[in-house]
Amino acid sequence: MGQIEWAMWANEQALASGLILITGGIVATAGQFTQWYFGAYSIVAGVFVCLLEYPRGKRKKGSTMERCGQKYMTKVVKLFGPLTRNYYVRAFLHLALSVPAGFLLATILGTACLAFSSAIYLLAATRGEQWTPIEPKPKERPQVGATIKQPPTNPPPRPPAEARKKPSEEGDVATGVPSGPQENPIPVTDEVV
């Protein structure tokens, strides 16, 4: 079996926890909780986490499905270089972002999810993984000679494809190999009682 790429799981967990932080922050701010400013912080932190985690990293083996519109956010994440590429930095950043949101009941679930994704990123970092962007493959231009097919040899109207004789079938007929239905050597009788 292959090794688990933990960064992929951490990315999904962190993106979900960012959305949970935003939702909890909206509930706390709109509900005018006593410490509503932690809710406002959770909205800002959740948006930041979602923007950071939206672009998926490229897997080492196999193919990676790119998220819709990821190429635009990938350019932004690539600008920060090692700060976003290194999973140690992401692990401690997510842990630091999750602490202030833990003081409010509405955002405690987002805090727990973000702390859990921080632990997964730390595990990914210790395994030597790092974020690499999904680069679009250059499209190969078809060569002119490869796209031209041979013209048909039979003039129209042509019989259907299964009715046409292929050159290999004509050779089989000449050698005595039957190309049609075969006869059963054992006689079959139908006895209906």
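Ile120 and Ala10 make their closest contact through CG2-CB, 3.4 Å (heavy atoms, listed as atom of the first residue, atom of the second, distance). Closest approach of Leu21 and Thr111 over heavy atoms only: CD2-N, 4.1 Å. Heavy-atom minimum distance, Leu97 versus Ala45: CD2-CB, 4.3 Å.
In this structure, the side chains of Val49 and His94 come closer than 4.5 Å at one or more pairs of heavy atoms. Counting only heavy atoms from C-beta outward, the side chains of Leu104 and Ser42 never approach each other to under 4.5 Å. Annotation: side chain of Val77 is not in contact with side chain of Arg85 (no heavy-atom distance under 4.5 Å).
Taking the side-chain contact (heavy atoms from CB on, under 4.5 Å) definition, one finds that Val47 meets it with Ile22, Leu51, sequence neighbours left out. For the side-chain contact (heavy atoms from CB on, under 4.5 Å) test, residues two or more places apart in sequence or in another chain that qualify with Ala124 are Trp6, Ala7, Tyr87, Glu129. Residues passing the side-chain contact (heavy atoms from CB on, under 4.5 Å) test with Ala115 are Leu95, Ser98, sequence neighbours excluded. With sequence neighbours left out, the side-chain contact (heavy atoms from CB on, under 4.5 Å) criterion links Ser17 to Ala14, Cys113, Leu114, Ser117. Partners of Glu12 by side-chain hydrogen bond (donor to acceptor under 3.5 Å, both in side chains), not counting sequence neighbours, listed by chain and number: Arg56, Arg67.
Sorted by first and then second residue, the ring-ring contact (aromatic ring centres under 6.0 Å, His included) pairs with a member in residues 24-57 read Phe38-Phe103; sequence neighbours excluded. Listed by first and then second residue, the salt bridge (charged side-chain N to carboxylate O under 4.0 Å, His left out) pairs that reach into residues 17-42 come to none, sequence neighbours excluded. The salt bridge (charged side-chain N to carboxylate O under 4.0 Å, His left out) pairs that include a residue from residues 86-114 are Glu53-Arg90, where partners are two or more places apart or lie in different chains.
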For residues 23-32, please give each side-chain donor-acceptor pair under 3.5 Å, one per line with the distance, not counting sequence neighbours.
| from | atom 1 | to | atom 2 | distance (Å) |
| --- | --- | --- | --- | --- |
| Thr23 | OG1 | Leu19 | O | 2.9 |
| Thr29 | OG1 | Gly25 | O | 2.8 |
| Thr29 | OG1 | Ala40 | N | 3.3 |

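Between Asn11 atom CG and Glu5 atom CD the span is 12.0 Å, to the nearest 0.5 Å.
By the 4.5 Å side-chain criterion applied to Ile, Leu, Val, Met, Phe, Trp and Tyr, Val192 is assigned to no cluster and stands alone. Think of Ile108 as one node in a network of Ile, Leu, Val, Met, Phe, Trp and Tyr side chains linked at under 4.5 Å; its network also takes in Leu105.
Under the 4.5 Å side-chain heavy-atom criterion for ILVMFWY residues, a single connected hydrophobic cluster contains both Leu123 and Phe116. Linking Ile, Leu, Val, Met, Phe, Trp and Tyr whenever their side-chain heavy atoms come within less than 4.5 Å puts Tyr121 and Trp131 in one cluster.
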